[in-house]
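Counting convention: from 1, in listed order, for ligands and their atoms alike.
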Amino acid sequence: MKYDIKNIKLAPGGKKRIEWAGKDMPVLNQIKEEFAKRKPFAGKKMSACLHVTAETANLARTLKAGGADLLLCASNPLSTQDDVAASLVKDYGISVFAIKGEKRDSYYKHLRAAMDHKPEITMDDGADLISLLHSDYKKWAPKILGSMEETTTGVIRLRALEKAGKLLLPVIAVNDAKTKNMFDNRYGTGQSTLDGIIRATDMLIAGKNVVIAGYGWCGRGMAMRARGMGAKVIITEIDEIKALEAAMDGFQVMPMKEAAKIGDLFCTLTGNIHILRTEHFKVMKSGAVVCNSGHFDVEIDIPALTKMAQKINKNVRNFVDEYVIKGKSIYLLAQGRLINLAAAEGHPASVMDMSFSTQALASEYAVKNSKHLEKKVYKVPEEIEIKVAKLKLKSMGITIDQLTGEQKKYLVSWNMGT
Ligand code: ADE
């Protein structure tokens with residue numbers, strides 16, 4: 001078996017973490033049992049480019065139980081949990097190509113290994129693997145039955161490919177499923193982003209001006225949790241509706257240029273480039289902490305920050321770099337990469353349970369329906385979402401009401417009015 005990981009000797013610690021996370025993933029565990037019987041991926045090669053975490057390890061075990069010959073590589077150079085990678089190789093016989101802190105060359109070498117595996121099914125978190133396929137591995141595209149995409153940024157890239165008429169294979173936008181974004185993006189990001197910030201800085205959130213750029217599901221989640229910890233939350237937005245929503249949710253809304261002057265902590269969650277840039281760094285208070293929880297490290301203009309700084313003190317604390325600008329200090333966390341996965345452990349297993357169950361079932365659907373799927377970006381079928389939601393509710397011991405016969409009739413009638 002081929003692999004490239006930090007150290008195989010880290011496996012025992014990784015195994016414990018994989019098992020611990022698995023305890024909080026009841027829906028995925030049930031799907032794993034179903035897959036072990038149905039073997040939907042029997043004889044199929046699969047490459048997954050995901051954050052290599054304990055939760056992903058449980059997805060990998062599920063896909064393997066379904067018969068997949070799986071290779072896993074990292075979807076971010078800083079998010080790999082090296083002990084988990086070691087255990088996947090040693091204890092579960094899964095090829096892993098991922099090392100925490102790897103440089104760009106190594107990251108792309110690992111993506112190439114994932115393509116050289118000759119996958120018939122792929123999975124992405126940010127579309128880097130599919131993007132590589134669309135540049136250097138185009139010839140392989142017809143062999144791919146379907147590709148799953150886990151995150152907002154990846155779906156944006158794939159829709160851009162589709163719009164340009166250049167998408168070479170069918171894609172399922174797992175991110176867009178309600179069982180993914182309403183829970184993972186909101187409650188997962190909300191909690192894990194603050195977890196990463198606190199682990200990196202040990203700062204007190206209560207009483208701080210916390211500036212959150214972007215009020216999508218991730219921004220909403222973080223705003224909700226930061227308020228819960230006593231922060232004075234300020235939202236910046238470019239979308240009128242989201243800005244209104246933030247205002248009516250009780251947050252202050254203002255342009256970044258204003259927020260930059262008063263923020264103690266800044267976090268970008270927009271999926272766009274250079275949200276924090278020179279004009280903002282110029283007016284920030286000394287001691288301001290800036291970080292990003294969007295997929296790519298482009299949301300903070302780090303080259304501009306570097307250019308402005310007279311001095312950079314790297315690693316004043318783990319994951320914290322100090323930029324000294326005209327005597328004031330700005331602290332950048334995790335080199336502007338995903339703070340929740342770099343400095344903490346990503347979203348808790350309980351929420352990844354839903355995302356990865358949706359991933360697993362979407363992959364089975366893509367294989368089963370590959371003959372009918374065109375080179376388009378598809379939604380996750382509703383039956384899958386309902387199955388995941390039902391199983392999650394069951395695992396939480398929650399039962400809900402059913403429509404009565406009279407109510408069902410009422411919902412399809414038009415003649416009963418005032
Ligand atoms: N994305 C966010 N949190 C994650 C986790 N714990 N595992 C995999 N991908 C993630």
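For ligand 1, the atoms lying closer than 4.0 Å to a non-hydrogen atom of Thr53 are 5 (C), 6 (N), 7 (N), 8 (C). Distances below 4.0 Å separate heavy atoms of Glu345 from the following atoms of ligand 1: 6 (N). Taking every heavy atom of Gly346 and a limit of under 4.0 angstrom, the matching atoms of ligand 1 come to 3 (N), 6 (N).
The single protein non-hydrogen atom nearest to atom 1 (N) of ligand 1 is His51 CD2, 3.7 Å, given as residue, atom name and distance. Among protein heavy atoms, atom 6 (N) of ligand 1 sits closest to Glu55 OE1, 2.8 Å. Scanning the protein heavy atoms around atom 10 (C) of ligand 1, the nearest turns out to be Met352 CE, 3.6 Å.
Taking the centre and axis of the six-membered ring of Trp217, the NZ or CZ atom of Arg220 falls inside the cone set by 45° and 6.0 Å.
For Phe35 and Phe41, the ring centers are positioned less than 6.0 Å apart.
More than 12 heavy atoms of other residues, nucleotides or ligands lie within 6.0 Å of OH in Tyr378, so this atom counts as buried by the packing criterion.
For the residue pair Thr53 and Gln81, no side-chain donor N or O sits within less than 3.5 Å of a side-chain acceptor on the partner.
Using a 30° and 60° split on the angle between ring planes, Tyr215 and Phe251 fall in the perpendicular class, above 60°.
By the criterion of a heavy-atom distance under 4.0 Å, both the backbone and the side chain of His347 are placed next to ligand 1. Neither the backbone nor the side chain of Glu150 comes within 4.0 Å of ligand 1, counting heavy atoms alone.
A salt bridge does not link Lys390 with Glu385: none of the charged nitrogens is closer than 4.0 Å to a carboxylate oxygen.
At least one side-chain heavy atom of Met229 sits less than 4.5 Å from a side-chain heavy atom of Leu194.
Heavy atoms of Thr56 approach ligand 1 to within less than 4.0 angstrom.
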**Request:** Carefully, step by step, assess Met115 and Leu132 under the rule side chain to side chain contact (heavy atoms under 4.5 Å, CB included).
**Result:** CA-CA 8 Å; Met115 282 316 305; Leu132 180 66; 4.0 Å; yes
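Below 3.5 Å of separation, one finds no N or O of Asn340 facing any N or O of ligand 1. Residue Asp125 has no nitrogen or oxygen atom sitting less than 3.5 Å from a nitrogen or oxygen atom of ligand 1, judged on distance alone.
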